[in-house]
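First comes the structure, then the notes that go with it.
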Amino acid sequence: MSNIIFMGTPKLAETVLARLIASGTHKPKLVITQQDKPVGRKQIMTPSPVKTFAQEHGIEVWQPATLKDLAAIEKIRAHKPDCIVVAAYGKIIPKMIIDIPSRGIVNVHTSLLPRWRGASPIQHALLAGDNKTGATIMLIDEGLDTGPIISQSTCPIAREETYETLYAKLAEFGADLLVETLPDWLAGKIIPEAQDNTKATLAPILRKQDGEIKPEHDAATIERMVRALNPWPGVVLETRNMKHETRKMLKILKARIARCEQNLSPLSLSLTAQKELCLYTKEGCLVLETVQPEGKKPMSGHDYYLGNKSAL
RNA sequence: CGCGGGGUGGAGAAGUCUGGUAUCUCGUUGGUCUCAUAAGCCAAAGAUCGCAGGUUCAAAUCCUGCCCCCGCAA
């Protein structure tokens with residue numbers, strides 16, 4: 001039985017860890033995860049999904065503030081790992097640590113590398129309108145998702161795919177692929193293949209402002225944003241209420257492309273013949289099926305219209 | 001004490017500042033019109049205005065305390 005250390009933080013990593021344990025022979029001796037963070041309006045300190053899961057399975061959990069000091073390196077070295085498995089840990093792993101395990105550091109990445117290297121591959125695949133994505137098992141080197149590929153599997157992206165559905169799907173995909181591949185990798189039966197750097201694309205971490213709707217966005221782009229950017233950072237439209245002279249953000253939670261019935265200026269709202277709330281853009285228009293005004297609960301586009309029609 | 005919005009018939013809102021017995025749109029139910037309609041017309045049901053206390057002749061509205069929901073920030 002190999003000596004494995006697992007590193008990971010969010011739900012996706014939990015899925016991978018769960019599958020790893022279920023596979024029987026690769027239960028990690030140590031799990032490294034990010035430190036507890038204050039979450040929500042009340043700033044309650046919350047452990048990562050991986051921490052909770054590991055503790056339930058009686059695995060030692062370690063939450064170092066940094067991996068870049070001697071203490072971290074010594075601690076890991078002391079475990080004499082054959083291999084470290086990483087899934088969305090959230091911090092850069094220094095070279096000193098990469099060099100410790102004899103079978104290297106194996107990473108689960110949720111895209112078809114070299115496409116979408118970086119922190120948000122799932123969202124970027126959706127934003128770009130890719131019709132497929134997948135999971136990649138690769139070796140970590142010093143670069144950002146640049147290491148050689150051990151194995152890969154492809155997953156189609158459905159038209160109505162959202163971040164949340166794809167995230168869940170790819171977590172399973174990645175976990176399955178890892179447990180399929182890991183034994184062969186540890187046994188030395190797989191020769192990793194270098195990535196084709198000329199085909200590389202970057203999936204940079206998303207910022208709040210990436211979810212703002214602007215006049216230059218067309219309907220197709222916004223529709224993809226809605227599927228890719230919820231629940232975070234969300235897609236927001238700034239609305240103005242003439243009567244109260246206020247500006248409010250309107251989150252768009254669900255939308256679909258529709259046929260234009262009128263010719264209105266970009267970012268104006270109207271109602272279709274079917275009484276659905278409709279957002280006009282520079283090209284095409286969108287039916288807003290579910291929206292959430294600032295300070296309110298999510299509601300249907302029609303409900304929003306009922307209460308705001310005087311301002312539209 | 002991080003910042004802010006809100007709780008009004010089943011839904012979304014107005015009304016609150018400038019107290020005076022509840023308004024609008026939608027839905028529901030019944031009727032009616034139409035070749036027909038997620039259409040029109042007519043009618044009806046449905047609210048102790050988040051909870052508790054206070055001020056007042058009178059409180060959705062002013063004061064005090066509490067509960068709950070949400071957006072931002074992180």
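In the text below, chain A, chain B and the rest are named by the order of the sequence lines, each starting its count at 1.
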How close or far is atom C1' of G12(B) from atom CG of Leu306(A), stated in whole angstroms? 5 Å

Can you establish whether the number of heavy atoms outside Asp196(A) located under 6.0 Å from its atom CG is more than 12? yes

Just the rounded figure in Å: distance from C1' of A38(B) to OH of Tyr305(A). 14 Å

Counting only N and O atoms by type, is there a donor-acceptor contact under 3.5 Å from the side chain of Ser120(A) to the main-chain atoms of Pro204(A)? yes

Pairwise C1' distance for G65(B) and C26(B), with rounding to whole Å: 37 Å

Pair Asp218(A), Thr281(A): side-chain N/O donor-acceptor within cut-off below 3.5 Å: no

Passes side chain to side chain contact (heavy atoms under 4.5 Å, CB included), Ile252(A) versus Ile213(A)? Steps please. CA-CA 10 Å; Ile252(A) 299 171; Ile213(A) 293 177; 3.5 Å; yes

Chi angles and distances behind the side chain to side chain donor-acceptor pair (under 3.5 Å) call for Gln63(A), Thr33(A): CA-CA 5 Å; Gln63(A) 300 172 279; Thr33(A) 189; 5.6 Å; no

The contact string for nucleotides 68-74 of chain B, one letter per nucleotide 5' to 3', using protein heavy atoms under 4.0 Å with B, S and - for base, sugar-phosphate only and none, comes out as -SBBBBB

Determine which nucleotide pairs with U34(B), using a 3.5 Å limit on both distances of a Watson-Crick or G-U wobble pair. none

Just name whichever nucleotide pairs with G2(B), Watson-Crick or G-U, keeping both distances under 3.5 Å, else none. C72(B)

For the pair made of CE in Met299(A) and P in G6(B), what is the distance, rounded to whole Å? 13 Å

Quantified in whole Å, what is the P atom distance between nucleotide U18(B) and nucleotide C62(B)? 9 Å

Gap between atoms CG and C1', on Leu277(A) and A11(B) respectively (whole Å): 15 Å

Taken to the nearest whole Å, NE2/His302(A) to P/G12(B) is 13 Å

Backbone of Lys214(A) reached by a side-chain donor or acceptor of His217(A) within 3.5 Å: yes

Can you tell me the pairing partner of G10(B) across any strand shown, Watson-Crick or G-U wobble, with both distances under 3.5 angstrom? C26(B)

Whole Å only: how far is the CG atom of Asn308(A) from the P atom of A11(B)? 17 Å

Taken to the nearest whole Å, CD/Glu276(A) to P/G27(B) is 14 Å

Atom P, compared across A60(B) and U8(B): separation rounded to whole Å: 15 Å

Provide the distance between the two P atoms, one in C57(B) and one in A52(B), to the nearest whole Å. 23 Å

Taking atom P in both U61(B) and A22(B), compute the distance separating them and give it to the nearest angstrom. 15 Å

Going by side chain to side chain donor-acceptor pair (under 3.5 Å), name the pairs with one or both residues in residues 179-193 of chain A, residues two or more places apart or in two chains. Ser151(A)-Thr181(A)

Side-chain donor-acceptor pairs under 3.5 Å in residues 273-280 of chain A, sequence neighbours left out?
{"residue": "Glu276(A)", "atom": "OE1", "partner": "Arg256(A)", "partner atom": "NH2", "Å": "3.1"}
{"residue": "Glu276(A)", "atom": "OE2", "partner": "Arg256(A)", "partner atom": "NH2", "Å": "3.3"}
{"residue": "Tyr280(A)", "atom": "OH", "partner": "Gln262(A)", "partner atom": "N", "Å": "3.3"}

Please state how far atom CG in Leu250(A) lies from atom C1' in G6(B), giving the value in whole angstrom units. 16 Å

Could you tell me how far G40(B) sits from G27(B) if I compare only their P atoms? Round to whole Å. 8 Å

Distance check, P atoms only: U25(B) and C63(B), in whole angstrom units. 32 Å

P gap between U55(B) and A13(B), integer Å: 34 Å

